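Inspection log for the structure reproduced underneath, given as structure tokens.
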Amino acid sequence: MAQHLIVIGGGITGVTSAYALARQGHQVTLIEKHRYAGMETSHANGGQLSASNAETWTHPSTLLKGIKWMLKADAPLLVNPKPSWHKLSWFAEFAAAIPKYRENTIATARLAIAAREHLFGWAQAEGIDFDLKQRGILHIYRDKTGFDHAAEVSKLLAAGGLPRRAVTPDEMRAIEPTLAGDYHGGFYTESDSTGDIHKYTHGLSLACERRGVRLLTGHTVARVQSTGKTAHVTLSSGEVVSGDAVVVCAGVHSRALGAQLGDRLNVYPVKGYSITVMLNDEASQAAAPQVSLLDDETKLVTSRLGKDRFRVAGTAEFNGHNLDIRADRIRPLVDWVNQCFPGVSTRRVEPWAGLRPMMPDMLPRVGPGRLPNVFYNTGHGHLGWTLSAITAHQLTEHVALWEQQRSPRHVPVTALA
């Protein structure tokens, strides 16, 4: 008998989880506080499906940069010095994960590669148009230090099954002729791609409905409970949704929900910013890049979304559950476009901010909780879209194992004699 699973969260991980579970024949209810799916962190990110960005942040240099940039308002990495127990415990666990930097980077690369088959396959099966552009991703470096570090990262990516090649400045301009500036070199990953995460998430949510998923949008979760055999989610309206199991895919809110279920998930909200440059004239459309870029020095990524949109995103801000869009954080993104693509008009720019749900070791949390009918698919950090399809697939495997353990055992006739 199909189980009824309640999925909390209508971002990319929640929608992919609901879709994957529905494909397995389960009855699924998806609860999302907004009117539509993909309205928070899955709304306007950098747009990259980037296995080449699988390097975890748990490198000693990250801590040094964080300290150096702490008082610089426009720094790529900004940490609010105001202490909190959550922040302190997160950074303590982050430091403890540094020895696993190599191991976790390789593991992340493998996950990112495995995700592609599911993500593209689902889009094709459901007819989802999400401005997919399969032109690769070019990492750019202005100095030898950054380039040499990238060469070491390439070895880790290769160990995870991802080939990427070093390119000279001349080769970089051949790959993306619109890029201005002087560079030491770059690395190009032809197998990576870009697209509009919101279009993908929304399209897949419609596919969920076609497959029988019940979407409860516009509802905030007030409380979640589990007896181990049944799960109950109380909405802010007072309505109680009951099922056989619950799956928490609530991004930065997963920590609080997990605590209600007796589980500790040290997810921290790491704010990222983006701008969407509207390419309203032919000159800007011609001057904007077609190939996706990642600038490691400024920690910015780009994606071309159709004919008339250019997305630039990045930076990391440790400032709690704060979604304020700060002008001093948006300005470096606009300045970067003006410097690297001077022919693009930045007269019309739409700013956005979202909170990445990040675990200290940079790996997502996928699988069961303390109680047998509680599951998690959350904590994907800066690679939520890139990893979402494979973690949703992994979730279905955990649920299948739970179903086997839940089903009545057949007792041999001789044992009844």
Side-chain angles (χ1 to χ4, degrees), residues 1-42 201-202 204-265 267 357 365-380 388 391-392 394-403 405-407:
M1 182 180 296
Q3 306 298 319
H4 178 201
L5 291 103
I6 306 167
V7 178
I8 301 176
I12 186 63
T13 56
V15 171
T16 51
S17 295
Y19 180 79
L21 290 167
R23 280 174 60 98
Q24 295 295 317
H26 296 291
Q27 179 187 353
V28 181
T29 297
L30 176 63
I31 302 173
E32 164 57 33
K33 68 179 179 180
H34 293 284
R35 186 179 178 185
Y36 309 101
M39 294 302 291
E40 286 200 2
T41 308
S42 301
T201 307
H202 177 67
L204 200 63
S205 73
L206 299 179
C208 284
E209 288 189 294
R210 292 194 296 270
R211 290 180 175 270
V213 175
R214 180 191 181 199
L215 261 66
L216 288 180
T217 57
H219 290 278
T220 301
V221 172
R223 189 178 183 188
V224 58
Q225 299 168 284
S226 170
T227 66
K229 294 184 177 180
T230 58
H232 309 280
V233 179
T234 304
L235 307 179
S236 55
S237 62
E239 178 185 354
V240 178
V241 181
S242 297
D244 297 299
V246 63
V247 184
V248 177
C249 305
V252 296
H253 306 292
S254 299
R255 179 174 179 260
L257 294 174
Q260 293 183 25
L261 294 164
D263 293 309
R264 181 178 181 273
L265 284 85
V267 176
R365 288 297 178 269
V366 187
R370 181 178 62 87
L371 296 170
N373 65 337
V374 173
F375 300 91
Y376 296 93
N377 184 14
T378 190
H380 293 61
S388 59
T391 59
Q394 290 176 333
L395 172 69
T396 63
E397 295 177 336
H398 288 291
V399 170
L401 180 60
W402 163 72
E403 281 187 296
Q405 297 170 342
R406 179 184 173 90
S407 63

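Not measured: the values here are computed from a predicted model.
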Taking every non-hydrogen atom, the tightest pair across [X] and [Y]:
X	Y	value
R406	K229	NH1-O, 3.3 Å
H34	T217	O-CB, 3.2 Å
S254	V248	OG-CG1, 3.8 Å
V28	A22	CG2-N, 4.0 Å
A222	Q260	O-NE2, 4.0 Å
N377	S17	ND2-OG, 2.8 Å

Reference residue V241; test side-chain contact (heavy atoms from CB on, under 4.5 Å); the match among L216, V221, T234: L216
[atom1]/[X] to [atom2]/[Y] distance, rounded to the nearest 0.5 angstrom?
X	Y	atom1	atom2	result
Q24	T396	CD	OG1	5.0 Å
L395	S388	CG	OG	12.0 Å
R223	S236	CZ	OG	15.0 Å
R211	L204	CZ	CG	9.0 Å
I31	R214	CD1	CZ	8.0 Å
S42	H202	OG	NE2	13.5 Å

[X] side chain vs [Y] backbone, donor-acceptor pair below 3.5 Å:
X	Y	result
D263	R370	yes
E32	A37	no
N373	D244	yes

Worked verdict on L261 versus Y376 for side-chain contact (heavy atoms from CB on, under 4.5 Å): CA-CA 11 Å; L261 294 164; Y376 296 93; 3.8 Å; yes
Show me the pairs that pass ring pair (Phe, Tyr, Trp, His ring centres under 6.0 Å) and involve residues 7-28, at least two apart or across chains. Y19-W122
For residues 4-15, which side-chain N or O atoms pair as donor and acceptor with protein atoms under 3.5 Å away, sequence neighbours left out?
residue : atom : partner : partner atom : Å
H4      : ND1  : S242    : O            : 3.1
H4      : NE2  : T29     : OG1          : 2.8

Take H253 and E40 through the test side-chain contact (heavy atoms from CB on, under 4.5 Å) and record every step on the way to the result. CA-CA 12 Å; H253 306 292; E40 286 200 2; 4.1 Å; yes
Do S205 and L215 pass the side-chain contact (heavy atoms from CB on, under 4.5 Å) test, and can you show the C-alpha distance, the side-chain angles, and the key distance before you say yes or no? CA-CA 8 Å; S205 73; L215 261 66; 4.2 Å; yes
Within a 6.0 Å radius of atom CZ on R35, are there more than 12 heavy atoms belonging to other residues, nucleotides or ligands?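 No, because the 6.0 Å sphere around CZ of R35 holds 12 heavy atoms or fewer from other groups.
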